[in-house]
J.: 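I have a structure here, written as C-alpha cells, and I will follow up with some questions on it.
From a predicted model like this one, the values you see are computed outputs, not experimental measurements.
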Amino acid sequence: MRPQLATKVTQADRGAIGGAVACLARGGLVAFPTETVYGLGADATNGEAIARLYAAKGRPSFNPLIAHVADIVEAEQCAVFDASAKQLAAAFWPGPLTLVLPKRPGCAVAELATAGLDTIALRVPDHHVAQDILEAFGKPIVAPSANRSGHISPTTAGHVLADLGGCIDLIVNGGPTSVGVESTIIACLGGRVVMLRPGGVARQAIERMLGRALDPDTEGVAAESPESTAPVAPGMLSSHYAPRTPVRLSATCIHRSEALLAFGETLVPGAEEAAAVLNLSERGDVVEAAANLFAHLRALDRSGARCIAVMPVPNEGLGEAINDRLRRAAVEP
Ligand code: TXA
Ligand code: MG
C-alpha cells in the first residue's frame, strides 16, 4: 500500500487510550504494545477495517488473524472451549498464549478475520495498554504483528513506524515489549491439543500444566517447515520474520563482511573481525534472548553487513520459539 496517511504517534497515557478507542470505532488502524510484540489493531467486527488492515500489512488475505479479547468471558462468546482449552486459559491468560478453537455460531468477529475458517484464534494479552484499550473498546480487536507482511515483528513503536508509517492511523508508544516473540499458538480441536506455533509460553510449561505431552501434529497443520514453499495451512508461510540481509544459522566462525548475532559468553572464533556484533544474551538466558531477538535482527539488517551469522541457541524453553523464527529468517523470501 502506498503511504498516504499522517500516522500519529502518542505516548501511552489515559488520553491515548481514549484516542485509540475512538480511532478503532471509526474503523481506523491502531498499533499498540502487547507483552509479546506490537499488534496492529482493528475492530474485529468491522469487515471494512479488516480489509484495510490486510492492505496496510501487505498480507496475503488467506492468513487469518488473532482476535484479542479482554478476558475469558468475552472469549467464550466467540468460541467453544473444551476441558483442555479451559485449563490452558485459566493457567496462562492473560499472557502470551493463543488458543485456536471452534468458532461459536453468532460470534461477532467478521468472516474476513477468520479467513472463512470454522475456527478462531483468541488471546487475552498481558499488557496494561492492550488491556486498557480492550476494556474501553468492549469488543474483540484483531491484531496481527504490526510489521509489513513477511518482515521482522516489531518490539518497539519505532519498528512499527519504520514499517507502517503512512499506512496506519495511530501508534500508541508503550516502550519496548517484554517477551519479544509472538504468542504460542495451541489448537484445541476434536479433543486434541496441538502446538501450531512455538512462542512466548514454553512447550514444557504447557505440558506441565496439562500433565501430559502435547498431541503430535498428525494433520500437518503446523507444518511450517522452512524448506517447503507452499503454505499447507492458513498463515503458515515458511519465509517469515525475514530481514533483507541473508541469514546463516549455526555459525561456528565468521566469514568476511558478516555481522554476528551472538549468544552466550564465549563468541565464535573471528568474532572480533565481524562487521557488527550484537549478543542476544551474554549470560546465555533464552528469556533475555527472546526479548532481544527482533530488535537485534533489525539492527544487524541495517548494519550493511553482507550476511548475518547466527550462533546456536539451545532449544529449551523459549529457545524453541527463537529457533523457529531464526529458521524462517534464514529462508529466502
Ligand atoms: O503475540 C502475538 O500472537 C501477536 C500479538 C500482536 O498478539 N500477534 C501475532 O499475530 O503474532 P499474527 O497475525 O502475526 O500471527 C497469527 C498467526 C498466523 O500464523 C495465523 O495464520 C494464525 O495465527 N492463525 C490465526 N487464526 C488461525 C486459525 N483459525 N487456525 C490456525 N491458525 C490461525
Ligand atoms: Mg506476524
Side-chain angles (χ1 to χ4, degrees), residues 33 35-38 96 145 147 150-160 162-163 175-184 197-205 224-227 238-333:
E35 78 280 29
T36 57
V37 300
Y38 274 71
S145 50
N147 52 279
H151 196 206
I152 303 164
S153 290
T155 57
T156 69
H159 296 163
V160 180
D163 265 31
T177 63
S178 59
V179 175
V181 290
E182 298 87 343
S183 59
T184 302
R197 176 177 78 180
V201 180
R203 172 191 296 274
Q204 295 85 341
E224 302 187 53
S225 144
E227 290 78 38
S238 55
S239 165
H240 220 134
Y241 312 98
R244 291 172 184 93
T245 314
V247 171
R248 183 169 70 84
L249 300 179
S250 313
T252 51
C253 64
I254 281 291
H255 301 150
R256 208 165 45 81
S257 329
E258 280 187 333
L260 176 64
L261 184 61
F263 180 87
E265 208 179 356
T266 315
L267 302 191
V268 292
E272 57 291 342
E273 310 279 301
V277 181
L278 285 175
N279 201 324
L280 290 170
S281 172
E282 259 171 54
R283 59 173 198 271
D285 173 6
V286 287
V287 174
E288 181 182 37
N292 286 328
L293 177 67
F294 292 139
H296 281 11
L297 274 175
R298 275 181 189 260
L300 293 181
D301 199 18
R302 285 193 308 266
S303 71
R306 187 177 55 78
C307 181
I308 302 171
V310 184
M311 285 176 61
V313 175
N315 212 43
E316 284 121 50
L318 296 200
E320 186 180 3
I322 295 171
N323 286 319
D324 171 79
R325 305 307 188 270
L326 285 170
R327 273 195 303 276
R328 277 162 221 288
V331 174
E332 299 280 336

J.: If you compare all heavy atoms of Thr177 against all heavy atoms of Thr36, which two are closest, and at what distance to 0.1 Å?
T.: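 Nearest pair, atom of Thr177 first, then Thr36: OG1-O, 2.9 Å.
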J.: Cut-off 3.5 Å, side chains only: do Glu182 and Ser145 have a donor facing an acceptor?
T.: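 Per modelled atom types, Glu182 and Ser145 side chains form no pair under 3.5 Å.
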J.: For Glu265, is the CD atom crowded, meaning more than 12 foreign heavy atoms sit under 6.0 Å from it?
T.: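 Result for CD/Glu265: open.
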J.: Is Glu258 salt-bridged to Arg248, cutoff N-O under 4.0 Å?
T.: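 Judged by the 4.0 Å cut-off on N to carboxylate O distance, Glu258 and Arg248 do form a salt bridge.
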J.: Could you give the distance from CD (Glu273) to OG (Ser257), rounded to the nearest 0.5 Å?
T.: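 One gets 11.0 Å once the value is rounded to the nearest 0.5 Å.
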J.: Would Leu267 and Asn279 satisfy side-chain contact (heavy atoms from CB on, under 4.5 Å), going step by step from the backbone distance to the final call?
T.: CA-CA 9 Å; Leu267 302 191; Asn279 201 324; 3.9 Å; yes
J.: Answer yes or no: is there a side-chain heavy-atom contact under 4.5 Å between Asp324 and Glu320?
T.: no
J.: Determine the minimum heavy-atom distance between Ala309 and Ile254, stating which atoms define it.
T.: CB-CD1, 3.8 Å
J.: Using modelled atom types and a 3.5 Å cut-off, is there a donor and acceptor pairing between side-chain atoms of Asn147 and backbone atoms of His151?
T.: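 Checked: pair present.
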J.: Roughly how far, to the nearest 0.5 Å, is the CG atom of Leu249 from the CZ atom of Arg327?
T.: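 It comes to 8.5 Å.
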J.: Kindly indicate, with the supporting measurements, whether the criterion side-chain contact (heavy atoms from CB on, under 4.5 Å) is fulfilled by Leu300 and Thr245.
T.: CA-CA 8 Å; Leu300 293 181; Thr245 314; over 6 Å; no
J.: Specify the closest pair of heavy atoms between Val181 and Ala321, including all atoms of both residues, with the distance to one decimal.
T.: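 Heavy atoms only, the tightest pair is CG2-CB, 4.2 Å.
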J.: So Ser183 and Arg197, do their side chains get closer than 4.5 Å, heavy atoms only?
T.: yes
J.: In sequence, state the C-alpha distance, the side-chain angles, and the governing distance for Leu278 and Asn292, and then conclude on side-chain contact (heavy atoms from CB on, under 4.5 Å).
T.: CA-CA 9 Å; Leu278 285 175; Asn292 286 328; over 6 Å; no
J.: Show the nearest heavy-atom pair for residues Val179 and Gly200, with the distance to one decimal.
T.: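 Shortest heavy-atom separation between Val179 and Gly200 comes out as CG1-CA, 3.9 Å.
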J.: With a 4.5 Å cut-off on side-chain heavy atoms, are Thr156 and Arg298 touching?
T.: no
J.: Within this structure, what is the OG-CD distance for the pair Ser281 and Glu288, rounded to the nearest 0.5 Å?
T.: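 Ser281 atom OG to Glu288 atom CD measures 3.5 Å (nearest 0.5 Å).
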J.: Hey, mind stepping through Phe263 and Val286 against side-chain contact (heavy atoms from CB on, under 4.5 Å) and telling me if it holds?
T.: CA-CA 9 Å; Phe263 180 87; Val286 287; 4.3 Å; yes
J.: Just verifying a value: how many Å separate Leu297 CG and Ile308 CD1, rounded to the nearest 0.5 Å?
T.: 5.5 Å
J.: More than 12 non-hydrogen atoms from neighbouring residues, nucleotides or ligands closer than 6.0 Å to CD on Glu282, yes or no?
T.: no
J.: With a 4.5 Å heavy-atom cut-off, do Val247 and Leu261 have their side chains touching?
T.: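 A side-chain contact is absent here, since even the closest heavy-atom pair is not under 4.5 Å.
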J.: So how far is it from Leu318 CG to Asn323 CG, rounded to the nearest 0.5 Å?
T.: 11.0 Å
J.: Determine the minimum heavy-atom distance between Ser153 and Phe294, stating which atoms define it.
T.: O-CB, 3.3 Å
